Amino acid sequence: MEDTRRRGEADRAKPSTDTGVSGGRVSLQLVEESPWRWRLERTGSMRVPGIVFASRALLPDVAADRSLQQVADVAALPGIVVASFAMPDVHWGYGFPIGGVAATDVDDGGVVSPGGVGFDISCGVRLLVSPLERSDVVPVLGALMDELARLVPRGTGPGAVWDLHADGDLARILTGGAAFAVERGHGTRRDLERCEDGGVLAGADPAAVSDRALLRGLHQVGSLGSGNHFLEVQVVDEILDADVADAFGLAVGRVCVMIHSGSRGLGHQICTDHVRHMESAMARYDITVPDRQLACVPVRSAEGEAYLAAMAAAANYGRANRQLLTVAARNAFARAAGTDRLELLYDVSHNLARLETHFVDGRRRQLCVHRKGATRALPPGHPDLPADLSPFGQPVLVPGSMGTASYVLVGESGGDAFHSACHGAGRAMSRTAARRQISGTALRRELAAAGVEVRAASNRGLAEEAPFSYKDVDAVVAAVEHAGLARRVARLTPLGVVKG
């Protein structure tokens, strides 16, 4: 879940067109490098500039959203290289802005910050492609959505597809991720081939996870959670790159399923625990930060290595979680639509800190790349891609707001920000403000009138996720494409939504 609830949000007014912005602590100078790229000049404690990928209309309104100040604050982290980046869906978060990307040099005092990952570690998206056409699904849509609502646990608290009773199984999930789920019969080997890192992030250590986090994780494997998490039945309504779409199995009228969930309470507790540890450890490393929510330690420190080990465990939990939700979706389709053939196109996380090698200043350097509300967008030929996807690039999955379009993009050669792209539309107003504007009951009626079946855990949660509370996803992905980060492949629209 996006962690804006930890800080609160104000509603946005029209984006500022002034290039001199007051960020609160210092005056920030925003320079237009192109219509899709803006530079925050170095000032104060900034070690590198900030780079914001956005059209003028998508720039945050500084009177209501302090995310540009957060971009500047991140630029002050020890060891940061190149720039503090922000995607077009950027908005205010905990420490880092949501939609923020930053890399620190592991061998030159670089730090890791839980605020650069967020509370929902490895929150991510996967897309399943069915052999069905819209005309096959519409007649049974109501029954299908009822089955999905019955088989997919959602909301806060416990309740899951796989309710664990053995601590050993939980430990195997934390180290084995989606691969352990498949080993236990939940899915297929092909699922793992289309999952980032083969479904398992290396380096996980359950010993770095607190007992409280483990307890929260026992009864939530295979559940959506709440907030902006969802399972959505979608139909491809536009193809923008025919060759890549064909390779991805996408065609106009094809029915797909998009799943958005993360590591639930286990990941949240891990973040909470390690932020606390780092806050007390920073003085020992002579680290100061402009915002205490940017608590950090050197990557090569006991605390840094412990966090990365716990974060990897949460990432594996998140991947197993989405794998279990995939099985639930297949079972629902089998019962209501006559087929369980939902093939995984790709699964990618958008809240992680990864150790990666990139060229910086003409030499290869090992970096700790924080992506918070941002996804990898690997170019064609990248060694981390499955062999059948390598000629085309990585599928980049960008969910829109409930009731609006979602997109499949593909990574571009020469993409910036360490091969990163946006993760969604990005909130444009707070959940509280959204509830003031519409009730859940009224929103259900509006979506039904538009042909979208909704199954939600609560009317309150539904109202908080109203489509108007997000940025225009069409504009966001257009900015991503114009900035050269990723290229649009297909546009999908919803038929039915199961909401957390």
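Heads up: numbering here begins at 1 and tracks the sequence. Predicted model, so just to flag it, every value in this text is computed and none were measured.
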| query | Does a salt bridge link D197 with R319, judged by any charged N lying under 4.0 Å from a carboxylate O? | reply | yes

| task | Return the set of residues passing ring pair (Phe, Tyr, Trp, His ring centres under 6.0 Å) with Y317 (not counting sequence neighbours), or none when no residue passes. | result | none

| message | Strictly distance-based, threshold 3.5 Å: is any side-chain N or O of R322 a donor or acceptor partner for the main-chain N or O of I259? | response | no

| Can any side-chain N or O of R190 pair as donor or acceptor with the backbone N or O of L344 at less than 3.5 Å? | yes

| field | Side-chain donor/acceptor of Q234 to backbone N/O of M258, under 3.5 Å | value | no

| message | Using the side-chain hydrogen bond (donor to acceptor under 3.5 Å, both in side chains) criterion, which residues pair with N321? Sequence neighbours excluded. | response | S261

| request: State which residues pass salt bridge (Lys or Arg N to Asp or Glu O under 4.0 Å) with R371; sequence neighbours excluded, sorted by chain then number. | output: E356

| task | Taking all non-hydrogen atoms of both residues into account, name the closest pair between L127 and C256 and its distance. | result | CD1-CB, 3.9 Å

| said: Below 30° counts as parallel, above 60° as perpendicular, anything between as tilted: where do the rings of F53 and F85 land? | reply: parallel

| said: Pairing donors with acceptors under 3.5 angstrom, does anything connect the side chains of D89 and Y470? | reply: no

| Ion pair present between R431 and E465, side-chain N to carboxylate O less than 4.0 angstrom? | yes

| request: Quick one: list whatever passes ring pair (Phe, Tyr, Trp, His ring centres under 6.0 Å) with H350, sequence neighbours left out. | output: H260, H423

| said: Between S210 and A213 (side chain of the first, backbone of the second, donor and acceptor by atom type, cut-off under 3.5 Å), is there such a pair? | reply: yes

| said: Surrounding CG of D243 (heavy atoms of other residues, nucleotides or ligands, distance under 6.0 Å), is the total greater than 12? | reply: no

| query | Are more than 12 heavy atoms from other residues, nucleotides or ligands located less than 6.0 Å from atom CZ of R134? | reply | no

| If you look at every heavy atom in T175 and V200, which pair is closest and at what distance? | O-CG1, 3.3 Å

| said: Using every non-hydrogen atom in the two residues, find where P206 and A171 come nearest and quote the distance to one decimal. | reply: CG-O, 4.0 Å

| field | Minimal non-hydrogen separation, L231 against L325, with atom names | value | CD1-O, 4.4 Å

| request: Inspect the contact between R330 and D191 and indicate whether a charged nitrogen and a carboxylate oxygen are less than 4.0 angstrom apart. | output: yes

| message | Between R455 and E453 (salt bridge meaning N to carboxylate O under 4.0 Å), is one present in this structure? | response | yes

| query | Is E196 reaching over with its side chain to a backbone N or O of S349, donor-acceptor style, under 3.5 angstrom? | reply | yes

| task | Side-chain contact test, heavy atoms from C-beta onward, threshold under 4.5 Å: evaluate it for V408 versus V244 and give yes or no. | result | no

| If you measure from CG on D120 to NZ on K372, what distance do you get to the nearest 0.5 Å? | 11.0 Å

| message | Checking the side chain of E193 only, and the main-chain atoms of P386 only, is there a donor and an acceptor separated by less than 3.5 Å? | response | no

| said: Before you tell me yes or no, could you show the steps for R212 and D273 under salt bridge (charged side-chain N to carboxylate O under 4.0 Å, His left out), namely the whole-Å CA-CA distance, both residues' side-chain angles and the distance that decides it to 0.1 Å? | reply: CA-CA 9 Å; R212 177 165 173 74; D273 294 339; over 6 Å; no

| query | With distance as the sole test, does R154 use its side chain to make a donor-acceptor pair with the main-chain N or O of A149 at under 3.5 Å? | reply | yes

| R150 CZ: over 12 foreign heavy atoms closer than 6.0 Å | yes

| message | Keeping H229 on the side-chain end and S226 on the backbone end, is there a donor-acceptor pair under 3.5 Å? | response | yes

| query | Within the distance-only criterion (no hydrogens, no angle test), does the side chain of Q220 pair as donor or acceptor with the backbone N or O of G265 below 3.5 angstrom? | reply | yes

| task | Answer yes when D474 and R491 have at least one side-chain N-carboxylate O distance shorter than 4.0 Å, and no when they do not. | result | yes

Side-chain donor-acceptor pairs of residues 478-486 under 3.5 Å, sequence neighbours excluded:
from	atom 1	to	atom 2	distance (Å)
E481	OE1	R488	N	2.7
E481	OE1	R488	NE	3.3
E481	OE2	R488	NE	3.4
E481	OE2	R488	NH2	3.0

| query | If every non-hydrogen atom of L201 is compared with every non-hydrogen atom of M311, which pair is closest and at what distance? | reply | CD2-CE, 4.1 Å

| message | Please check this pair: side chain of N351 against backbone of C123, looking for a donor-acceptor N/O pair closer than 3.5 Å. | response | no

| Residues that R194 engages under salt bridge (Lys or Arg N to Asp or Glu O under 4.0 Å), provided they are two or more places apart | D388

| field | Heavy-atom closest pair, residues A208 and A306 | value | CB-O, 3.5 Å

| field | Atom pair CZ (R445) and OG (S439), whose distance is rounded to the nearest 0.5 Å | value | 6.0 Å

| query | Are the charged groups of E464 and R460 less than 4.0 angstrom apart, N to O? | reply | yes

